[in-house]
Amino acid sequence: MEKIVFSVSANKKCAKEVANLLGCEEGKIQINHFQDGEVMVKTKSDVKDKIVIVIQSTSSPAHEKLFKLLLLLDSIKRGGAYKIYLYIPYFGYSRQERVSFKNEPISCEVVARILDTAKVDKIISFDIHHKDIKDFFKTEFINKPTTSLFKNYYKSILNDEINDKNNIVIVSPDHGSNERAHLLGDALKNAPVIILDKYRPAPNKAEHLKSDADVKDKTCIIVDDIIDTGGTLISASKLLKDKGAKKVLICASHAVLSKNSKKLLKSKQIADIVVTNSIEKRKIKGINYLSISPLIVDDFKD
Ligand code: R5P
């Protein structure tokens with residue numbers, strides 16, 4: 001069955017790469033903006049009876065990316081696609097997956113309900129913020145780990161260091177990344193995992209409680225799903241270095257890197273930063289980027 005790969009606006013390089021790797025067509029789209037601010041998105045490529053792969057992170061501006069995506073999906077559906085697989089590498093609103101204070105909406109569930117209306121065959125995301133988000137969907141929802149990308153990366157840069165598991169400690173900077181940290185620990189020859197206790201003294205500020213974990217002279221790899229302000233990783237790195245860690249490396253699946261995240265790059269405590277390209281932005285010097293394309297292509301290997 002013929003395949004075709006689209007992105008609306010968020011993951012264009014990734015869509016091109018996936019199309020190349022699969023040896024299939026890259027879909028063309030048309031976007032019209034009207035005087036009143038309304039938008040129209042449609043496929044310019046023939047999708048009839050094809051397997052359609054759509055890749056679009058709903059990163060900032062999330063509303064615009066989400067709405068354009070919904071329009072493209074409707075156009076593809078009406079074009080008679082055989083199957084539609086929707087990849088949302090970074091799922092915007094995933095951090096609003098519960099009520100923390102009275103009268104708050106569960107915005108993530110609202111987004112899930114909206115996406116259900118597109119009636120695609122499957123939705124796939126990577127390292128989504130909370131594993132139970134899949135239950136918000138009626139559509140089949142797959143949460144794919146990016147562990148293999150980070151495993152290969154650390155194998156290449158740490159070489160012999162990872163052969164002795166006494167050298168390495170995998171660190172979850174809060175309880176939310178526990179499972180992710182264990183996946184990486186298992187992939188790196190069962191390296192031990194520690195979990196730090198994070199608290200937020202104010203919105204967008206992160207601090208950690210003291211920890212009695214032994215990290216002296218160890219290489220610590222902190223694993224998180226999202227780098228937003230960078231506060232979580234700066235605070236966790238400082239704690240580990242204060243406790244005598246030999247070096248601290250950080251990896252995160254989604255580089256949101258909002259305005260005030262520059263401090264992260266200046267932090268002397270951090271030896272290496274690696275992220276995926278789930279959010280396509282201009283690359284920042286000092287950050288290493290891993291492509292998620294092979295993880296998408298893997299799903300279509302016969
Ligand atoms: C929080 O629960 C997430 O897993 C991340 O730790 C958080 O979003 C990172 O945000 P920031 O970089 O602003 O500390």
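Position 1 is the first residue of the sequence, and the numbers go up from there. For clarity, every value in this text was computed on a predicted model and none was experimentally measured. Just follow the structure's listing: the first ligand is 1, and inside any ligand the first atom is 1. Computed over heavy atoms, backbone and side chain alike; hydrogens, waters and symmetry mates excluded.
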Checklist entry - Is it true that a side-chain atom of Y87 and a backbone atom of F126 form a donor plus acceptor pair closer than 3.5 Å? => result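 Between the backbone of F126 and the side chain of Y87 there is no qualifying donor-acceptor contact (under 3.5 Å).
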Checklist entry - Does K281 reach the main-chain N or O of V256 with its side chain, forming a donor-acceptor pair under 3.5 Å? => result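 Here the side-chain-to-backbone pair exists.
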Item to check | Closest protein heavy atom (residue, atom, distance) for atom 2 (O) of ligand 1 | outcome: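 Ranking protein heavy atoms by distance from atom 2 (O) of ligand 1, first comes H129 CE1, 3.1 Å.
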Checklist entry - Nearest protein heavy-atom contact for atom 8 (O) of ligand 1: which residue, which atom, what distance? => result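 Looking only at protein heavy atoms, the one closest to atom 8 (O) of ligand 1 is R95 NH1, 2.8 Å.
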Item to check | Worked verdict on H175 versus D197 for side chain to side chain donor-acceptor pair (under 3.5 Å) | outcome: CA-CA 7 Å; H175 288 259; D197 284 309; 2.7 Å; yes
What part of [X] sits under 4.0 Å from ligand 1 if we count only heavy atoms: the side chain, the backbone, both or neither?
X    : answer
D174 : side chain
T232 : both
R200 : side chain

Item to check | Under 3.5 Å side-chain donor-acceptor pair for Y93 and H63 | outcome: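 Per modelled atom types, Y93 and H63 side chains form a pair under 3.5 Å.
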Checklist entry - For residues S258 and D228, is any side-chain donor paired with an opposing acceptor at under 3.5 Å? => result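 Present: a donor and an acceptor within the cut-off.
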Checklist entry - Out of I234, T229, I226, D225, whose heavy atom sits nearest atom 3 (C) of ligand 1? => result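 It is D225 whose heavy atom sits nearest to atom 3 (C) of ligand 1.
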Item to check | Option with minimal heavy-atom separation from atom 12 (O) of ligand 1, where the choices are G230, G176, S177 | outcome: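 The residue whose heavy atom sits nearest atom 12 (O) of ligand 1 is G230.
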Checklist entry - Are L290 and I287 connected in the hydrophobic side-chain network, where two residues link if heavy atoms are under 4.5 Å apart? => result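 Different clusters.
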Checklist entry - Is the CD atom of E179 crowded by more than 12 outside heavy atoms at less than 6.0 Å? => result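 Not buried by this count: 12 neighbours or fewer within 6.0 Å.
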Checklist entry - What atoms of ligand 1 come within less than 4.0 Å of a heavy atom belonging to K198? => result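 Ligand 1 atoms under the 4.0 Å threshold to K198: 1 (C), 6 (O).
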Checklist entry - Hey, which atoms in ligand 1 end up nearer than 4.0 Å to a heavy atom of D224? => result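 By the 4.0 Å cutoff, the relevant atoms are 4 (O), 5 (C), 6 (O).
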